[in-house]
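The structure appears right after this line, and notes come after that.
Just so it is clear: chains get the letters A, B, ... in the order the sequence lines come, proteins before strands, and each one is counted from 1. This structure is a prediction, so every number in the text was calculated from the model and none was measured.
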Number of protein chains: 2
Amino acid sequence: MSKRLDRLALLETFARIARRGSISAAARDLGLSQASASRQLAELETRLGVQLIRRSTHELSLTSEGHQCLADADAIRGAWDALEERFREDQPGALRGAIRAVVPVALGQLHLTAAAVDFQRRHPEVSVTWTLDDEEIRFTEIGCDIWIKIGRPKDERLIVRSIATIERMVVASPTLLASGRIGRPQQLASIPCVALAPFEGHRMTLTSKRGAKAMVAATASFVTDNIFAAHQAAVQGIGFAVMPRWFIAEDLQHGRLVDLLPTWRAPKLTLSAALSPAGRRSKRRQLFLAHLLDALRQVDGMDPQHK
Amino acid sequence: MSKRLDRLALLETFARIARRGSISAAARDLGLSQASASRQLAELETRLGVQLIRRSTHELSLTSEGHQCLADADAIRGAWDALEERFREDQPGALRGAIRAVVPVALGQLHLTAAAVDFQRRHPEVSVTWTLDDEEIRFTEIGCDIWIKIGRPKDERLIVRSIATIERMVVASPTLLASGRIGRPQQLASIPCVALAPFEGHRMTLTSKRGAKAMVAATASFVTDNIFAAHQAAVQGIGFAVMPRWFIAEDLQHGRLVDLLPTWRAPKLTLSAALSPAGRRSKRRQLFLAHLLDALRQVDGMDPQHK
DNA sequence: AGCGGTTACGAAAGACGTAAGGATG
DNA sequence: CATCCTTACGTCTTTCGTAACCGCT
């Protein structure tokens with residue numbers, strides 16, 4: 001049995017194999033020969049006394065033990081990375097390493113990508129993997145560092161911070177209505193509606209500035225799961241829509257959309273940041289998140305929390 | 001620069017050196033040559049870019065970075081150990097590894113040591129380091145797994161569980177008073193007192209079963225920091241004493257001591273178990289703690305918490 | 001066939017122990 | 001001068017890449 005093989009390297013190789021679903025691909029990533037990677041995986045399995053990855057020729061799959069091990073491996077590697085970083089913090093700007101982040105599609109496209117790119121430019125030694133996805137992700141499976149999500153992640157093993165609230169309002173193209181405004185929420189029922197699938201059904205609750213609530217049943221004439229599509233539909237006057245304020249702030253300024261019910265608002269959404277407990281003290285992760293939050297603060301219609 | 005040295009081994013060597021205060025001693029423990037241990041320490045320092053241990057010939061001392069690193073090193077090694085154990089759990093009884101525990105002196109002497117010994121006997125592959133100490137310990141410095149303490153540890157980085165409450169009462173030798181009982185707390189002021197230094201000063205608050213409070217100023221005729229000494233003094237009739245019920249349950253039964261104020265009690269103490277976050281999932285640590293708690297449950301006058 | 005994982009073998013790399021050097025109380 | 005850490009050197013273990021082998025699609 002080999003003794004001198006770095007156990008942390010074993011974990012790294014294993015994690016790479018698990019995520020790439022291929023030993024040879026992982027070996028390429030790590031600058032090893034396939035043989036080496038294969039041997040390291042076998043070695044780890046021997047040490048732990050369990051099969052971690054089921055090989056069925058051209059098909060690798062994690063065993064249940066493999067799933068558990070992957071989470072642990074990330075935690076351990078994260079802790080080591082944090083230790084290595086800890087004392088490099090003194091030399092600012094010398095950040096290095098990898099960051100994997102997942103953010104909501106629209107927020108990513110319109111605002112956060114610029115911040116992510118800027119961060120990478122300031123820290124050239126850091127490699128950023130930037131995924132835009134609105135769905136619930138399998139956080140540990142993909143080895144994510146930061147996950148920004150609308151709503152609150154369900155996974156209780158994650159560290160979750162509420163970072164902002166998203167104000168939403170009822171808007172429509174000025175061409176839709178002669179008056180440009182309507183008086184009471186109930187009048188919405190007579191107007192067609194552009195609905196955004198993932199966020200709400202076809203009924204909605206509005207709250208007035210005084211705290212009064214109104215339940216409105218909307219008749220959806222256009223339903224989409226993509227906010228850009230919904231936006232286009234609304235601007236072209238198909239119907240009214242419930243939109244995050246940050247998303248349509250410019251349209252309001254230029255008069256492409258109007259606030260149909262200025263004294264009423266749709267329920268706010270919460271924006272959360274989820275972090276794995278693994279690299280808790282990672283400086284680069286902290287700074288990256290701070291950078292994203294800075295960008296969010298610039299966004300009109302977004303109410304940042306925590307200083 | 002060496003590349004293939006197991007980073008976890010580096011951490012282990014460092015931790016051993018830090019705790020033993022000597023490279024050669026650590027090397028002996030680990031079955032290495034002094035040269036190897038020295039090299040490994042140097043290698044770790046190079047990797048982290050910081051001096052961890054100050055060598056002043058015949059005197060090793062941790063730098064401040066060394067202190068931080070030691071805590072991290074324990075966490076990382078603990079996480080790896082937990083990973084190794086995780087899949088061995090299936091074979092019960094096959095526990096192995098080391099446990100370092102610190103418990104209060106009196107509790108250890110009278111009750112817990114039997115449990116610790118029993119545990120070791122059931123798991124011969126486990127090595128138990130068993131320290132009896134009432135003082136605040138530097139948990140991470142000594143690499144402790146389980147610390148049972150009267151009161152609540154201050155270190156916020158530890159996982160702390162309240163495991164029992166300790167009922168305390170005012171007792172005295174029947175030879176001290178003709179009546180064997182007194183009526184009101186204030187009457188204590190006229191009787192000499194045996195005081196236990198670490199737990200309270202010379203004033204004390206008593207609570208009646210109905211919730212009434214009474215402040216009593218006692219005149220100490222015998223002050224000691226050792227509960228066995230205090231006990232002897234009390235039994236020999238020097239004065240009354242405030243004692244944990246579990247400690248004097250037998251004396252009450254045999255009439256060596258009497259409950260002076262059966263309807264009044266001194267403030268309860270809380271017994272806590274502190275664990276380092278490091279080896280959170282360590283099976284052996286969990287089982288060991290459970291074993292100690294089982295023993296505590298047998299103790300008369302101790303109120304266990306959490307099932 | 002072609003792609004991917006495992007096993008065999010030679011070569012190179014690195015770590016270990018021994019031993020010498022140096023500093024301190 | 002005894003102790004303890006550091007550095008140098010030769011040996012030996014171990015790992016790596018190449019390459020052959022095998023099992024699927």
| A:S33 side chain N/O closer than 4.0 Å to the phosphate oxygens (OP1, OP2) of D:dC16? | no
| request: Rounded to the nearest angstrom, tell me the gap between atom CZ in A:R55 and atom C1' in D:dC21. | output: 17 Å
| task | Enumerate the residues from residues 11-32 of chain A whose closest heavy atom to DNA chain C is under 4.0 Å, giving them by residue number; use none for an empty result. | result | A:S22, A:I23, A:S24
Restricting both atoms to N or O, compile the protein contacts to nucleotides 7-9 of chain C shorter than 3.5 Å, with distance only.
none

| task | Answer yes or no: is there an ion pair linking B:R77 with B:D81, defined by an N-O contact shorter than 4.0 Å? | result | no
| Protein-nucleotide distance (B:E45, atom CD; D:dC5, atom P), rounded to Å | 13 Å
| Would a distance-only check, ignoring hydrogens and angles, find a side-chain to backbone donor-acceptor pair under 3.5 Å from B:T63 to B:Q51? | yes
| Within the pair B:Q40 and C:dC16, is there a side-chain N or O less than 4.0 Å away from OP1 or OP2? | yes
| said: Can you measure B:L41 atom CG to D:dT7 atom P for me and round it to whole angstrom units? | reply: 11 Å
| Are A:L293 and A:I163 close enough, and set up right, to give a side chain to side chain contact (heavy atoms under 4.5 Å, CB included), and what steps lead you there? | CA-CA 8 Å; A:L293 295 189; A:I163 54 178; 3.7 Å; yes
| Would you say the side-chain atoms of B:T13 pair up with the backbone N or O of B:A9, donor to acceptor, closer than 3.5 Å? | yes
| query | Just how far, in rounded Å, is P of D:dG23 from CG of A:L60? | reply | 17 Å
| field | Short N-O contact, A:R55 and A:E45, less than 4.0 angstrom | value | yes
| task | Please report the closest heavy-atom contact between B:E136 and B:P153, naming both atoms and the distance. | result | OE2-CA, 4.0 Å
| task | Respond yes when some side-chain nitrogen or oxygen of A:R4 is under 4.0 Å from OP1 or OP2 of D:dT15, and no when none is. | result | no
| request: Quick one: pull up CG in B:L62 and CZ in B:R19 and give me the separation to the nearest 0.5 Å. | output: 9.0 Å
| said: Measure CG/A:L5 against P/D:dC16 and give the value in whole Å, please. | reply: 5 Å
| Inter-axis angle, terminal five-pair segments of the helix from C:dA1-D:dT25 to C:dG25-D:dC1 [nearest 10°] | 30°
| task | Measure from CZ on A:R7 to C1' on D:dT15 and round the result to the nearest Å. | result | 17 Å
| message | Just the rounded figure in Å: distance from P of D:dT15 to CG of B:D6. | response | 11 Å
| said: Using a 3.5 Å distance criterion without hydrogens, assess whether the side chain of A:Q120 forms a donor-acceptor pair with backbone atoms of A:V126. | reply: yes
| Ring geometry between A:F288 and A:W130 (parallel below 30°, tilted from 30 to 60°, perpendicular above 60°) | perpendicular
| task | Pick out which of A:L30, A:I17, A:L5 makes a side-chain contact (heavy atoms from CB on, under 4.5 Å) with A:Q40. | result | A:L5
| Looking only at heavy atoms, which two atoms of B:I148 and B:L112 are closest? And how far apart? | CD1-CD1, 4.4 Å
